[in-house]
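The structure appears below as structure tokens.
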Amino acid sequence: TMVRYILLNSMIFLGCTLLIIFGYESMKRGAVYQATFDFSMAGMTLLAFVILRTAAPYIISGFLTVVPYMLLCTFLAISGGPQGSGVLWAYSFPLLSIFLLGMKPGTILSILLLFGLSAALFVPDLSPVVFHRSFALRTVGVYLLVLVCTMVYEQTKITKDRWVARLTRTLEAERDEMATMKDNLKTGLFLMDREYIIQPQYSRAMEDVFSETALSGKNFLDLLSSSIQEKEKETLRDYFTMVFNRSFDSQMLEDINPLYQLEYTSNSTGDEKFLRCNFVPIDRDDGKVYILGTVEDQTREVELRRQLDEEE
């Protein structure tokens, strides 16, 4: 849409300028009717320029710009121009009309111009220039070629845009489903970079498990500062380095995981819990490696186990 808007503005500016120049030249030659036509078309493009900057639909400005250009191309084809060069302006019309107005309106206007161009080339005495039949046939053939190629390109673009839109809707639906599943899990899920910073895409359960809020951007090791000693932090750094580098297979990394069973104390509330943590490396599309962490609150299970042991 932005490209169409820029092109339409450029076409309005260029078309209005050319029409004013043509009108001025016609006035100098004494061709009052031709000058009136040129100035009228320039006025329509200026009106399109004003409407384009209002809340009116874009298509109105498009028609007010493309239709005068179609009439100008028809007029130049009929008037002939130097050595019959006036017909050459018509070759650009299908490209601009279909791109600015869309497939159906642009094609209809292009076909209307084809009729006008054919009349100027084949109808005797309509144009002051006598066009050789072979030149006329080639001119119409090239115009049709430009029109057909433009239609094929536009249809291909429409098909691609529909496919991309359908794929985007599918991906958005899958993303929303995954987000819903993530937020309804009782297990905490989070991503952590090499600086041990928790990424924004963590599950809602994370805040409940850790009894903390606004975890995004926090250092995971700092989150455990009330639960582990400084020496244990060094052990954790070494372990996370092995996870990032995939130094061992997944089973070995799970076996040596220092946080597989963690007696956790919240920095904010002082709540004490028993957590089970697991970590696996994840490759992102940007080439960076993150750690995907899962955290389960095992407090209830541990308390029940202890209660059963005491009863026995």
Side-chain angles (χ1 to χ4, degrees), residues 4 7-8 10-49 59-155:
R4 294 177 190 267
L7 179 60
L8 183 57
S10 303
M11 190 175 173
I12 289 174
F13 176 77
L14 180 61
C16 184
T17 302
L18 290 175
L19 286 167
I20 292 174
I21 293 174
F22 291 160
Y24 177 74
E25 292 294 329
S26 298
M27 288 290 292
K28 288 177 62 177
R29 297 197 312 269
V32 179
Y33 291 112
Q34 183 176 339
T36 302
F37 174 81
D38 292 336
F39 287 135
S40 299
M41 295 300 100
M44 288 184 66
T45 56
L46 285 175
L47 178 61
F49 181 80
I59 196 71
I60 296 177
S61 296
F63 270 107
L64 287 175
T65 304
V66 174
V67 171
Y69 185 60
M70 181 189 71
L71 297 176
L72 176 63
C73 289
T74 304
F75 174 78
L76 292 173
I78 294 175
S79 64
Q83 299 180 354
S85 60
V87 297
L88 301 178
W89 286 77
Y91 292 147
S92 63
F93 185 78
L95 297 167
L96 294 172
S97 64
I98 291 177
F99 184 77
L100 290 175
L101 301 179
M103 176 67 82
K104 188 174 180 179
T107 302
I108 292 174
L109 291 179
S110 297
I111 292 174
L112 290 176
L113 178 58
L114 175 62
F115 290 145
L117 182 64
S118 300
L121 291 169
F122 293 106
V123 176
D125 301 326
L126 183 61
S127 172
V129 179
V130 179
F131 297 100
H132 194 278
R133 190 170 186 81
S134 62
F135 175 82
L137 290 172
R138 290 173 184 174
T139 301
V140 172
V142 172
Y143 182 87
L144 284 172
L145 178 64
V146 173
L147 174 58
V148 171
C149 289
T150 305
M151 292 174 63
V152 170
Y153 171 81
E154 185 68 13
Q155 186 57 50

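Annotation: the span from Met103 atom CE to Thr150 atom OG1 amounts to 9.0 Å, rounded to 0.5 Å. Between the NE2 atom in His132 and the CG atom in Leu137 there is a gap of 10.0 Å [rounded to 0.5 Å]. Taking CG from Leu113 and CG from Leu71, the interatomic distance works out to 9.5 Å, rounded to the nearest 0.5 Å. Rounding to the nearest 0.5 angstrom, the gap separating the CG atom in Leu117 from the CD1 atom in Ile111 is 13.5 Å. From Phe131, atom CZ reaches atom CZ of Arg138 across 15.0 Å, with rounding to the nearest 0.5 Å. The distance from atom CD1 of Ile78 to atom SG of Cys73, rounded to the nearest 0.5 Å, is 11.5 Å.
Heavy atoms only, all atoms of each residue included: Val140 and Ser118 are closest at CG2-OG, 4.0 Å.
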* Check against side chain to side chain contact (heavy atoms under 4.5 Å, CB included), Leu109 and Phe63 -> CA-CA 10 Å; Leu109 291 179; Phe63 270 107; 4.0 Å; yes
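A heavy-atom distance below 4.5 Å is not found between the side chains of Thr139 and Tyr143.
Heavy-atom contacts from other residues, nucleotides or ligands closer than 6.0 Å to OH of Tyr153 number 12 or fewer. Enclosure of atom CE in Met27 is not indicated, since only 12 or fewer non-hydrogen atoms of other residues, nucleotides or ligands lie within 6.0 angstrom.
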Side-chain donor/acceptor pairs under 3.5 Å, residues 91-102, sequence neighbours excluded:
from  : atom 1 : to     : atom 2 : distance (Å)
Ser92 : OG     : Tyr69  : OH     : 2.5
Ser92 : OG     : Trp89  : O      : 3.0
Ser97 : OG     : Phe93  : O      : 3.0
Ser97 : OG     : Pro94  : O      : 3.4
Ser97 : OG     : Gly106 : O      : 3.3
Ser97 : OG     : Ser110 : OG     : 3.0

